[in-house]
Amino acid sequence: MAAFKPLIREILASGTPGETVEVQGWVRSRRDSKTVTFLMLNDGSNQVGLQVVADTTRFPEELIKAITTGAAVWAQGRLVESPGSGQKLEVQADALQLVGAADPQSYPLQKKGHSLDFLRTIPHLRLRTNTFGAVFRVRHHLSQAIHRFFDERGFVWLHTPIIAGSDAEGAGAMFRVTTLPVLPEQKPLEELLAEDFFGTEARLTVSGQLQAEAGALALSRVYTFGPTFRAENSNTTRHLAEFWMVEPEAAFFDLQDNIRLAEEFLKYLMRYVLERCPEDLAFLARHYQADLITRLQACLEASFARITYTDAIRLLESSGEAFEFKPQWGMDLQSEHEKYLAEKYFKGPVVVTDYPKDIKAFYMRQNGDGLTVAAMDILFPGIGEVIGGSQREERLEYLQQRMREMHIRSEELEWYLDLRRFGSVPHSGFGMGVERFLAYLTGMSNVRDVILSARTPKNIAF
RNA sequence: UCCUCGGUAGCUCAGUUGGUUAGAGCACCUGACUGUUAAUCAGGGGGUCGCUGGUUCAAGCCCAGCCCGGGGAGCCA
């Protein structure tokens, strides 16, 4: 098998001074001297790139001049130890080619740093910046770590559907999927839907959990990893209309097993990225969050704090903190409450368990007290809820009773009830928002900056 | 959706009480200098002040509506 031309990362890892190499990439900056031109080349394979030194007397002036910031360049030359102070190795060019020019008048990226705000308007080009190179390399390694973690523990990757038939789960507004014309003829809804692609209403999924439960009650341990959609009109640093979610589901797991799985999972991911991406994390720390690496390491060493919802309410009540919303049993924790718990009181990830049943989903397992369910949320400093999960209600009668109480139409969920009719077992699972956790890992403060192109209200370009 | 801050050169921003021809740094172009590291120095080009309407002798600045963006809230992962 013939080898591909090496990436810059590979050249720097295994190249030896004196050998002839080929380099290809995009120019981050050009610095001219009387007799030499310095090209900082980056191909996205690492943070630092590789400096190509071109003797100006050996190349046409027009060629050198055309190699501007953003241009794509191919070079061949000798790998040598650099006399300059910024890098160990550099390439003395023998051959140089402009592969693709970039008009310096209109190329939007400069050698100087840009605001994340501005870069969000050019998602197709921001990938070429140090910041987004780092973010997307970390995102890749994070994804690999997710698969490895579950594979090592016998979890099967289950590809759950993207198009969903019903909104029975009630996890927020859903996008409709249709092939009907934009302005349909006036007809009764039933008739219209009958003509639609699926012959009934279809929507984009908000979760693969219910199908994952079917998987878990057959394969014992499964997980999903894919895109998820919410049509909520949310405009925050933590919400996207399209985001990626990981949802493990395990048979014979109770809530405690579930929490242990989640904590091991998050720590595995942190450890993996710390090991694989030291250069990128160091860059992100330098530019966005000075204590990023020490914070991750500290998070790895300590056990996640645990508290029941009821105790959390008591703690908030007696905190002496001037909350805008008074903590009250039966009400959802407000952002300010979550922030107090994770950032001020516990100063790290905290697992809140056993929420009142009325503020949680119908499928969560009812506790013996008749008031709470076996739910757990994991709250992180800065980003809030990263994981939400529960032990599922495996008892048919309890599940049906909750569905009646919450006015959930059971016709569409008969298949889900079947899982309780035939060989039901205790089982648990959770969902993790990949972008939220990635934001925590990279020190980015907005989930829009850790995804290729953010889908948010009024934003679909690229 | 609500609250709040904002929209002035390619980018980041300044612009006084409403008053002549709207500025700076960086980027870009030209030149000088230099094994450079966000190179440096000198000069130059570059503007529908978000849009629409209004007040006024006069609007970047005041008023109204709308559009777009940031942050916060709600909802959630």
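Please read these numbers as outputs of a predicted model, since none were measured by experiment. Protein chains get the first letters and strands the later ones, always in sequence-line order, with residue 1 at the start of each.
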K.L.:
Before accepting this row, confirm whether a basic side-chain N of the pair Glu336(A)/Lys339(A) lies closer than 4.0 Å to the acidic partner's carboxylate O.
P.N.:
no

K.L.:
Closer to the 5' end of RNA chain B via nearest nucleotide, is it Lys65(A) or Asp377(A)?
P.N.:
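Checking each residue's closest nucleotide, the 5'-ward one belongs to Lys65(A).
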
K.L.:
Of the options A73(B), G71(B), C33(B), whose atoms approach the side-chain atoms of Lys34(A) most closely?
P.N.:
C33(B)

K.L.:
What is the nucleic acid contact for Gln92(A), judged by heavy atoms within less than 4.0 Å: base, sugar-phosphate only, or nothing?
P.N.:
base

K.L.:
What nucleotide, of A77(B), C11(B), G69(B), holds the atom closest to the side chain of Gln110(A)?
P.N.:
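When the side chain of Gln110(A) is considered, C11(B) is the closest of A77(B), C11(B), G69(B).
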
K.L.:
Using a cut-off of 4.0 Å on non-hydrogen atoms, how would the nucleic acid contact of Gly431(A) be classed: base, sugar-phosphate, or nothing?
P.N.:
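Answer is sugar-phosphate: Gly431(A) comes under 4.0 Å of backbone atoms only.
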
K.L.:
Return the value, rounded to whole Å, for the distance between atom CD1 of Ile122(A) and atom P of G69(B).
P.N.:
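That distance rounds to 16 Å.
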
K.L.:
Which part of the nucleic acid does Arg238(A) contact within heavy-atom distance under 4.0 Å: base, sugar-phosphate only, or nothing?
P.N.:
base

K.L.:
Nearest of A39(B), U34(B), A73(B) to any side-chain atom of Asn235(A)?
P.N.:
A73(B)

K.L.:
Looking for any heavy atom pair under 4.0 Å, which part of the strands does Glu90(A) touch: base, sugar-phosphate only, or nothing?
P.N.:
base

K.L.:
For a quick check of understanding: with a heavy-atom distance under 4.0 Å over all strands, which category does Leu109(A) fall into, base, sugar-phosphate or nothing?
P.N.:
nothing

K.L.:
Students often get this wrong, so: under 4.0 angstrom with heavy atoms, is Arg28(A) touching a base, only sugar-phosphate, or nothing?
P.N.:
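Touches nothing.
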
K.L.:
Which heavy atom of Leu333(A) sits nearest to which heavy atom of Val352(A), and what is that distance?
P.N.:
CD1-CG1, 4.4 Å

K.L.:
Looking only at side-chain atoms of Thr237(A), point me to the closest of C29(B), G72(B), C76(B).
P.N.:
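Out of C29(B), G72(B), C76(B), the nucleotide with an atom closest to Thr237(A)'s side chain is G72(B).
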
K.L.:
Judged by atom type as modelled, is there a donor-acceptor pair below 3.5 Å linking the side chain of Arg221(A) to the main-chain atoms of Ala216(A)?
P.N.:
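No, the answer is negative, given that no donor and acceptor are paired below the 3.5 Å cut-off.
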
K.L.:
Without hydrogens or angle criteria, can the side chains of Tyr363(A) and Ser390(A) be said to hold a donor-acceptor pair below 3.5 Å?
P.N.:
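The answer is no; no qualifying pair exists.
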
K.L.:
Please name the nucleotide paired to U40(B) by Watson-Crick or G-U wobble geometry with both distances under 3.5 Å, or report none.
P.N.:
A32(B)

K.L.:
Base, sugar-phosphate or nothing for Gln334(A)? Non-hydrogen atoms, less than 4.0 Å.
P.N.:
sugar-phosphate

K.L.:
Taking OP1 and OP2 of G69(B), is either one under 4.0 Å from a side-chain nitrogen or oxygen of Arg448(A)?
P.N.:
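Result: no.
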
K.L.:
Scan Ser33(A) against the nucleic acid and name what it touches under 4.0 Å (heavy atoms): base, sugar-phosphate only, or nothing.
P.N.:
base

K.L.:
Need one value for Gln87(A): base, sugar-phosphate or nothing, where a base atom within 4.0 Å counts as base even if backbone is also close, heavy atoms only.
P.N.:
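Touches a base.
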
K.L.:
Side chains of Thr442(A) and Leu284(A): does their closest heavy-atom pair fall under 4.5 Å?
P.N.:
yes

K.L.:
Can you find a donor-acceptor N/O pair under 3.5 angstrom joining the side chain of Ser234(A) to the base of C75(B)?
P.N.:
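Yes, a donor-acceptor pair under 3.5 Å.
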
K.L.:
Measuring from atom CD of Glu90(A) to atom CG of Leu41(A), what distance do you get when rounded to the nearest 0.5 angstrom?
P.N.:
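These two atoms lie 12.5 Å from each other.
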
K.L.:
Could you check whether the side chain of His239(A) and the base of C76(B) have a donor-acceptor pair of N or O atoms closer than 3.5 Å, going by distance alone?
P.N.:
yes

K.L.:
By the 4.0 Å heavy-atom rule, please label Asn233(A) as base, sugar-phosphate, or nothing.
P.N.:
base

K.L.:
Would you indicate which nucleotide in C76(B), G69(B), G70(B) comes nearest to any side-chain atom of Asp332(A)?
P.N.:
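Minimum distance to the Asp332(A) side chain belongs to C76(B).
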
K.L.:
Students often get this wrong, so: under 4.0 angstrom with heavy atoms, is Ser115(A) touching a base, only sugar-phosphate, or nothing?
P.N.:
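Sugar-phosphate, no base atom in range.
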
K.L.:
I need the OH-C1' distance between Tyr107(A) and C28(B), as an integer number of Å.
P.N.:
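About 15 Å, once rounded to whole Å.
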
K.L.:
U21(B) and G60(B): how far apart are their C1' atoms, nearest whole angstrom?
P.N.:
15 Å

K.L.:
Go through U36(B), G72(B), G10(B) for me and flag the one nearest to the Ser82(A) side chain.
P.N.:
U36(B)

K.L.:
State the pairing partner of A73(B); accept Watson-Crick or G-U wobble contacts with both distances under 3.5 Å, and report none otherwise.
P.N.:
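Here A73(B) is engaged in a pair, and the nucleotide opposite it is U1(B).
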
K.L.:
Report yes or no: is the ring centroid of Phe243(A) under 5.5 Å from the six-membered base ring centroid of A77(B), with the two planes under 30 degrees?
P.N.:
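Yes; by the centre-distance and plane-angle rule, Phe243(A) counts as stacking on A77(B).
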
K.L.:
Measuring from atom CG of Leu261(A) to atom CD of Glu249(A), what distance do you get when rounded to the nearest 0.5 angstrom?
P.N.:
10.5 Å

K.L.:
Can you identify which nucleotide, out of A39(B), A77(B), A73(B), has its nearest atom closest to the Ser29(A) side chain?
P.N.:
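Of the candidates, A39(B) comes closest.
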
K.L.:
Applying a 3.5 Å limit to both distances, which nucleotide forms a Watson-Crick or G-U wobble pair with U48(B)?
P.N.:
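For U48(B), the partner nucleotide comes out as none, under the 3.5 Å rule.
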
K.L.:
Tell which nucleotide pairs with A58(B), taking only Watson-Crick or G-U wobble pairs whose two distances are both under 3.5 angstrom.
P.N.:
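Pairing partner, where one exists within any strand: none, as none qualifies.
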
K.L.:
Atom CD1 of Ile67(A) to atom P of U36(B): distance rounded to whole Å?
P.N.:
20 Å

K.L.:
Find the partner of A27(B): check Watson-Crick (N1-N3 plus N6-O4 or O6-N4) and G-U wobble (N1-O2, O6-N3) distances, both under 3.5 Å, and reply none if neither fits.
P.N.:
none

K.L.:
Can you measure His114(A) atom NE2 to G25(B) atom P for me and round it to whole angstrom units?
P.N.:
19 Å

K.L.:
NE2 of His337(A) versus P of C76(B): gap in Å, rounded?
P.N.:
15 Å

K.L.:
Rounding to an integer number of angstrom, what distance separates U34(B) and U12(B) when you compare their P atoms?
P.N.:
36 Å

K.L.:
Would you kindly give the CG-to-C1' distance between Leu266(A) and A77(B), to the nearest whole Å?
P.N.:
12 Å

K.L.:
Flag the pair Glu263(A) and Lys267(A) as a salt bridge only when some basic side-chain nitrogen lies within less than 4.0 angstrom of an acidic carboxylate oxygen.
P.N.:
yes

K.L.:
Please work out if Val434(A) contacts a base, only the sugar-phosphate, or nothing of the nucleic acid, heavy-atom cut-off 4.0 Å.
P.N.:
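If one applies the 4.0 Å heavy-atom cut-off, Val434(A) turns out to touch nothing in the nucleic acid.
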
K.L.:
How does protein reach along nucleotides 40-46 of chain B, written 5' to 3' as B (base within reach of a heavy atom under 4.0 Å), S (only sugar-phosphate), or - (no contact)?
P.N.:
-------

K.L.:
More 5' along RNA chain B: Gln51(A) or Gly388(A), using each one's nearest nucleotide?
P.N.:
Gln51(A)

K.L.:
Which whole number of Å gives the distance between the P atom of G65(B) and that of A9(B)?
P.N.:
26 Å

K.L.:
Consider the side chain of Phe38(A), meaning its heavy atoms from C-beta on, and name the nucleotide among G35(B), G70(B), A77(B) that approaches it most closely.
P.N.:
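Nearest to the side chain of Phe38(A) among the choices is G35(B).
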
K.L.:
Are Arg238(A) and Ser335(A) side-chain neighbours, meaning at least one heavy-atom pair lies under 4.5 Å?
P.N.:
yes

K.L.:
In whole angstrom, give the distance that lies between atom CG of Asp55(A) and atom C1' of G35(B).
P.N.:
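My rounded result for the distance is 12 Å.
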
K.L.:
Return the nucleotide paired to G6(B): Watson-Crick means purine N1 to pyrimidine N3 with N6-O4 or O6-N4, wobble means G-U with N1-O2 and O6-N3, both under 3.5 Å.
P.N.:
C68(B)

K.L.:
Given C28(B), G74(B), U36(B), which nucleotide is nearest the side-chain atoms of Thr236(A)?
P.N.:
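Of C28(B), G74(B), U36(B), G74(B) is nearest to the side chain of Thr236(A).
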
K.L.:
Considering every strand and a 4.0 Å limit on heavy-atom distances, what is the contact class for Pro108(A): base, sugar-phosphate, or nothing?
P.N.:
nothing

K.L.:
Is any side-chain N of the basic residue among Arg9(A) and Asp43(A) closer than 4.0 Å to the acidic one's carboxylate O?
P.N.:
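No salt bridge links Arg9(A) with Asp43(A).
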
K.L.:
Let me know the distance between CZ of Phe325(A) and C1' of G72(B), rounded to the nearest Å.
P.N.:
11 Å

K.L.:
By the 4.0 Å heavy-atom rule, please label Lys339(A) as base, sugar-phosphate, or nothing.
P.N.:
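If one applies the 4.0 Å heavy-atom cut-off, Lys339(A) turns out to touch the sugar-phosphate alone, with no base involved.
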
K.L.:
Check the orientation of Phe265(A) and Phe430(A). Use parallel for under 30°, tilted for 30 to 60°, and perpendicular for over 60°.
P.N.:
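Plane angle between 30° and 60°, so tilted.
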
K.L.:
Sticking with atom C1', work out how far G50(B) lies from C61(B), rounded to a whole angstrom.
P.N.:
15 Å

K.L.:
Which value, rounded to the nearest 0.5 Å, describes the distance between Leu269(A) atom CG and Glu264(A) atom CD?
P.N.:
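The CD atom of Glu264(A) is 11.5 Å from CG of Leu269(A), to the nearest 0.5 Å.
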
K.L.:
Between C76(B), G70(B), G74(B), spot the one nearest the side chain of Arg436(A), thanks.
P.N.:
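Side chain of Arg436(A) sits closest to C76(B).
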
